[in-house]
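Written below as structure tokens is the structure these notes are about.
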Amino acid sequence: MQRIDSLQPINASAALVVAILIGNRSAKTASLKVVGVAVVEEVERAFRAALVPVDSGAGLRHALQAGDVWCTGTVCCGVQLMWVADALRRNNICRNMIECARKHLCYGQEIQKEYVAFLEPTEMGIRFAQKYAGRDDFLVYY
């Protein structure tokens, strides 16, 4: 399998969809597979995330709480959804999709990395957001 198109930004109403496709060029009929998708939108308000310890009975876990408003009056890149095929995770696919989205979400403007916010991230999403932002209190929005 070879990459045919690495990143495909697609405007869909108010959101931007970024997909990564791979396929086989040698086949007579082109076969493509989607291996990653991110859906992003412009957000005007974001909050710093705080992980709060919670005793769930099965051991200590963390809950995500939104702190004070951090980003207002500035356009943020809100990540609604991100998905990468299990077999291809940990290959910077998600990071590349978010980087593409930051550059294409607002016409003529690249949104800075510190203005990327995440919508209700899962446990894996929290780890990605912390690594991407380079800090534990990454941005979230609702």
Side-chain angles (χ1 to χ4, degrees), residues 1-27 30-142:
M1 294 287 242
Q2 298 177 11
R3 259 186 210 202
I4 291 180
D5 293 313
S6 58
L7 296 172
Q8 294 293 320
I10 304 162
N11 280 321
S13 66
L16 177 74
V17 177
V18 179
I20 293 188
L21 309 170
I22 62 171
N24 191 346
R25 288 180 192 231
S26 62
S31 60
L32 296 174
K33 281 185 2 181
V34 175
V35 297
V37 175
V39 179
V40 298
E41 64 182 335
E42 290 183 19
V43 177
E44 294 181 5
R45 180 181 291 172
F47 307 86
R48 283 275 168 220
L51 291 176
V52 179
V54 175
D55 187 6
S56 64
L60 192 63
R61 302 206 45 122
H62 291 89
L64 189 66
Q65 270 188 345
D68 294 333
V69 175
W70 183 81
C71 176
T72 56
T74 303
V75 175
C76 293
C77 177
V79 180
Q80 285 183 355
L81 172 130
M82 54 188 178
W83 171 84
V84 174
D86 289 342
L88 295 169
R89 291 190 176 160
R90 309 218 26 102
N91 286 309
N92 288 324
I93 291 173
C94 221
R95 176 178 297 278
N96 291 337
M97 288 188 298
I98 302 304
E99 290 296 307
C100 178
R102 285 192 314 112
K103 295 173 183 166
H104 293 93
L105 184 60
C106 294
Y107 181 75
Q109 175 186 356
E110 182 176 327
I111 297 173
Q112 296 177 16
K113 188 175 178 178
E114 56 265 15
Y115 292 105
V116 175
F118 298 86
L119 177 67
E120 299 180 22
T122 62
E123 193 172 318
M124 288 177 68
I126 289 170
R127 287 194 305 262
F128 171 80
Q130 288 172 328
K131 187 174 178 182
Y132 181 80
R135 54 190 301 162
D136 288 342
D137 60 344
F138 58 92
L139 292 177
V140 294
Y141 73 101
Y142 300 99

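The structure presented is a predicted model; accordingly, all values stated were derived computationally and were not measured.
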Closest non-hydrogen atom pair between Val116 and Val79, with its separation: CG1-CG2, 3.9 Å

From CA spacing to verdict: side chain to side chain contact (heavy atoms under 4.5 Å, CB included), Gln80, Val40: CA-CA 5 Å; Gln80 285 183 355; Val40 298; over 6 Å; no

Nearest non-hydrogen partners of Ala38 and Ile98, listed with the distance: CB-CD1, 4.3 Å

Sequence-distant partners of Asp137, side-chain hydrogen bond (donor to acceptor under 3.5 Å, both in side chains), two or more places apart: Arg135

Gly125 versus Met82, closest heavy-atom pair with distance: CA-CE, 4.3 Å

Evaluation steps, side chain to side chain contact (heavy atoms under 4.5 Å, CB included), between Tyr132 and Lys113: CA-CA 8 Å; Tyr132 181 80; Lys113 188 175 178 178; 3.7 Å; yes

Lys131 NZ: over 12 foreign heavy atoms closer than 6.0 Å: no

SG on Cys76 to CZ on Phe118, rounded to 0.5 Å: 11.5 Å

Heavy-atom closest pair, residues Leu119 and Tyr141: CD1-O, 3.2 Å

Leu88: partners by side-chain contact (heavy atoms from CB on, under 4.5 Å), with sequence neighbours left out: Ile22, Val35, Val84, Asn91, Ile93

Pairs touching residues 74-99 that satisfy salt bridge (charged side-chain N to carboxylate O under 4.0 Å, His left out), sequence neighbours left out: Asp86-Arg89, Glu99-Arg102

For the student: nearest non-hydrogen atoms of Leu105 and Cys77, plus distance: CD2-CA, 3.9 Å

Thr122 side, atom OG1; Arg127 side, atom CZ - distance, nearest 0.5 Å: 8.0 Å

Ala49 versus Val140, closest heavy-atom pair with distance: CB-CG1, 3.8 Å

Reported CG-to-CD distance for the pair Leu81 and Glu41, which is rounded to 0.5 angstrom: 11.0 Å

Min side-chain heavy-atom separation Phe138-Ile126 under 4.5 Å: yes

